[in-house]
Amino acid sequence: MNPYEPHVIEEKWQKYWEERETFRVDEDPSKKKYYLLEMFPYPSGNIHMGHVRNYSIGDVIARYKRMKGLNVLHPMGWDAFGMPAENAAIERGVQPASWTHANIDYMRTQLKRLGFGYDWRREIATCDVDYYRWEQLMFLKMYERGIVYRKSSPVNFCPKCQTVLANEQVEGGNCWRCGEEVVQKELTQWFFAITKYADELYEYCDRLPGWPEKVTSMQKNWIGKSYGVEVHFSLEDGTPFTIFTTRPDTLYGVTFMVLAPEHPLSAQLPAGTAQEKEVAAFIEKVKTQDRSFRGEISLEKEGVFTGKYAINPLTGNKIPIYVGNFVLMEYGTGAIMAVPAHDQRDFEFAREYNLPVIVTITPKDRILDPAAMDCAYVDEGVLVNSDRFNGMNNREAINSIIDYLEEKGLGTRTVNYRLKDWGISRQRYWGAPIPIIYCDECGTLPVPEKDLPVVLPVDLEIKMVGRSPLADHPEFYEVDCPVCKKKARRETDTMDTFVESSWYFLRYTCADYDKGPLDRKRVDHWMPVDQYIGGIEHAVLHLLYSRFFNRVLNELGLVGVREPFENLLTQGMVIKDGAKMSKSKGNVVDPNYLIEKYGADTARLFCLFASPPEKDLDWSDQGVEGSFRFLQRVWRLVNERADVLCVIKSLDQLPGAQGDNKLLIHKIHKTVKKVTEDLERFHLNTAIASIMELVNTIYKFVEKEPADEASRAVLKGGCETVLRLLFPFVPHIVSELWEMLGGDVASLGAIWPSYDEGLVKEEKVMIAVQVNGKLRDTCEADRDMTQEDLGEMVLALEKIQKHLEGKQVKKTIVVPNKLVNIVC
RNA sequence: GCCUGGGUGGCGGAAUAGGCAGACGCAAGGGACUUAAAAUCCCUCGCCCGUAUGGGCGUACGAGUUCAAUUCUCGUCCCAGGCACCA
């Protein structure tokens, strides 16, 4: 018997796949296509356990679908622009480009050592000119259509990364990448008009049945759609000003108005009044406060009176106007109507500054006394103090009042979104240059298409400064104006790296295409991605950006589909000692170590068996041992009998089989069914568990050393089934054992075993027998016995009779082939 | 505060459409083999009472629906993730 030597066989089979280009795939009209994609890695230098898990799950699905006869596209590439390359350059004096490419080369060998089957011809590195040149072209097309624009605005800035961050990239006031506290800066930046698509992105969340609800609900939450009305108030002199509210049912309870400090009227209104100084001081004070700090709910509500009044369009009442620190300029119109009786924030403000409270919605069971209230009443109720709307339920009143406002020209039904446009300028070097030229004479100009690509120079010195190193590199930024030919200057900011990952899945379908960004024919053949697999951490970042970008490309005629990802599986994190694996926690398990000690098959198997894909995976060294043990058990099972079995023809059906043969045949078919169904719904851990059961059954079978021809044939059938079912999970050991059994290895990855529904069911079934819902006995019965017969049979059982003694049977419930419950 | 998930043995986790709770694995204990160890194999393994046949309890907690609830309904508690002065 040969020992199980993972390294030897893994190298052997990886070479075999490589030489035969097993995973190479092209469009094939005779087969159904299946595009399987895992989120591509950042080439940090090493594959980590999160990758191993993600790509193991993907590889199982890819191999399984291929065995099922689908034409599977399974590509891999590198999200290769980004900060760490620049940091390495500063720390170690290497070029970001060479650092990145060296990492890619090493990590590619790591992926190959894990046995993942990709079509490497389609490999992409986003830092290659042949990739980002097309992104620059897309940028220009978007610029033409007004989807890209430049504006000055307060932006999130990470002092550590020395660059701007999009809203999505700020987590609780901190940088998503390095955790540094984000500050606000006023900068002129390039933006993608994602808000133009806010409504569609929001509404389509409900048309993504293949996505986890968790993710779509996070996206909806982020987009933040709310229905309301813009109400036109006016100043005493008739100057109109507009506020947004979702609660027009409380319009009769407005007792003051509040403006955001940045609102133009905040400074204008008090001009020339006694309030002028005070207001100016207040605005200045709020401005200097940190914006992340200002967003905090705990912040005390503060404000000052502007000295001016507004007129409520419904009541004609004169209402004081304040400037307040809790009103945001970026949302709605930057001004609100305040209804202290029915809004908690307004209530707090009113109590602070002794402003009146008018109740306009009353609960059914009590009367609200404005003087005695200690918080706002925000629940449902009936309108009071509301003129013609009195007596109406407030939910209905919302629509009635909007209708009335619209009729009188006092307001407009509006929808507001929380989503902001995506700021994509980064003051960094290692990214795709933004193809724009600034000319003193001609202004902001797109780089002419014929001058693309704008190549990122790879030979410059990188220093940590508050702007892009490109800005210190005249060879890059000095350029002639494409219009007037005078000296002009290139944009030196680069694009957010999330732009590259917003369309890489499209480029995979035609990675070699050089006549344009995308070969529409091939894109249409493969898109949409049938199954996307990746971490939950991109729920609103990458996944939202990609949905947006794909829509834009759809409108540019580059893509046929609207939504890029049909089905999404979000895998959980890898946890050790109760925390996410990270260098700082010192709880990292190195995949190299695992491969060296146990081999790739064990590493894969453990990641897949220890927990279902979408849950967090608790790392366990003993669990890894267990997986290794199982593989050795499979190895011994086949290896020890290979000589005998390889000359026998295998059987998984044997009409008239009896005893152990029959039991094993049933188990084989049951297992094939179970594993097939489990794989279809990604229950990989239970699929493995049932293969383990089959292995256990076969061990029991061989214990009796059956020597007759039929038994051996069935045994071989069992072993072959185990191997076939196990192939997607642990392809190396399976290939080796398959060859040992004399099988055709080329067909191993192309045939998924089928099962016979008739052989899944056994003739005898175990019936659970309950009395009054409590299990009292079990008994064997013929399959499909009539309810009457089963009921009769069960009454004869000794234990059951004991429990029925002296009692009258009231009712008998029979679940065919499963259970009888006697009620007495 | 709001929106998602989730809470099952010592542990990771099963139970697909309301029908035997704890599959599979890990750990633990006992045994076989061995000069010994490793490896391997066998047995036990939710809790309580009982020598045992057996009985009671048990899927966060409390109610409810049902012949039957881990599964459905309502309420409560706890944990994780997301959003949060968004008008």
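The structure displayed is predicted, hence computed values, not measured ones. Letters A, B, ... mirror the listed sequences (proteins, then strands); counts begin at 1.
Within 4.0 Å (heavy atoms only), A:Lys799 reaches sugar-phosphate atoms of the nucleic acid but no base atom. If you check every strand for non-hydrogen atoms under 4.0 Å, A:Gly332 touches nothing. Nucleic acid contact for A:His342: none, since no nucleic acid atom lies under 4.0 Å from a heavy atom of the residue. If you check every strand for non-hydrogen atoms under 4.0 Å, A:Thr246 touches sugar and phosphate atoms only. If you check every strand for non-hydrogen atoms under 4.0 Å, A:Asn416 touches nothing. Residue A:Ser226 is classed as a sugar-phosphate contact, given heavy-atom separations below 4.0 Å to backbone atoms only.
Between A:Arg418 and the phosphate of B:rA87, there is no side-chain N or O to OP1/OP2 separation shorter than 4.0 Å. Between A:Asn221 and B:rC86 there is no side-chain polar atom (N or O) within less than 4.0 angstrom of OP1 or OP2. Between A:Arg633 and B:rA39 there is no side-chain polar atom (N or O) within less than 4.0 angstrom of OP1 or OP2. Between A:Arg776 and B:rG54, a side-chain N or O to OP1/OP2 separation shorter than 4.0 Å is absent.
Taking atom CD of A:Glu330 as the reference point, atom P of B:rA87 lies 14 Å away to the nearest angstrom. Rounded to a whole Å, the CD1 atom of A:Ile536 is 17 Å from the P atom of B:rA80. Put simply, OH on A:Tyr598 is 13 Å from P on B:rC26, counting in whole angstrom units. Atom CD1 of A:Ile398 and atom P of B:rA87 are 12 Å apart (whole Å). In this entry the distance linking CZ of A:Phe630 with P of B:rC26 reads 11 Å, nearest Å.
Judged by distance alone, the side chain of A:His542 and the main-chain N or O of A:Phe498 form no donor-acceptor pair under 3.5 Å.
Checked for salt-bridge contact, A:Lys673 and A:Glu757 meet the test: a charged N lies under 4.0 Å from a carboxylate O. Between A:Lys420 and A:Glu168, no side-chain nitrogen of the basic residue sits less than 4.0 Å from a carboxylate oxygen of the acidic one, so the salt-bridge criterion is not met.
Every residue two or more places apart in sequence or in another chain was checked for a ring pair (Phe, Tyr, Trp, His ring centres under 6.0 Å) with A:Trp222, and none qualifies.
Closest approach to the A:Arg636 side chain among B:rG55, B:rC85, B:rC41 is made by B:rC41 (side chain taken as heavy atoms from C-beta onward). In the set B:rA87, B:rC26, B:rC67, the nucleotide with an atom closest to the side chain of A:Phe244 is B:rA87.
One cannot find a donor-acceptor pair under 3.5 Å joining the base of B:rC3 and the side-chain atoms of A:Lys220.
Comparing the P positions of B:rA23 and B:rA14 gives a spacing of 13 Å, expressed to the nearest Å. A distance of about 41 Å separates the C1' atoms of B:rC49 and B:rA39, rounded to the whole Å. Taking the C1' atoms as reference points, B:rU4 lies 15 Å from B:rA84, given to the whole Å.
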**Study point:** Base-contact (B) and sugar-phosphate-only (S) positions in nucleotides 4-23 of chain B, heavy-atom cut-off under 4.0 Å, - elsewhere
**Key:** SS------BSSSB--BB--B
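Ring to ring, A:Tyr202 and A:Tyr417 are not that close: their centroids are 6.0 angstrom or more apart.
Both A:Glu625 and A:Tyr417 lie close to RNA chain B; mapped to their nearest nucleotides by heavy-atom distance, the more 5′-ward contact belongs to A:Glu625. Taking for each of A:Val170 and A:Thr333 the nucleotide of RNA chain B with the nearest heavy atom, the 5'-most of the two is the partner of A:Val170.
At least one cation-pi condition fails for A:Arg633 and A:Phe630: the charged atom is not both under 6.0 angstrom from the six-membered ring centre and inside a 45 degree cone around its axis.
Classification of B:rG5 as anti follows from a glycosidic angle more than 90° from 0.
Side chains of A:Val722 and A:Leu725 form no contact here, defined as non-hydrogen atoms less than 4.5 Å apart.
Atom CD of A:Glu792 has 12 or fewer neighbouring heavy atoms from other residues, nucleotides or ligands inside a 6.0 Å radius.
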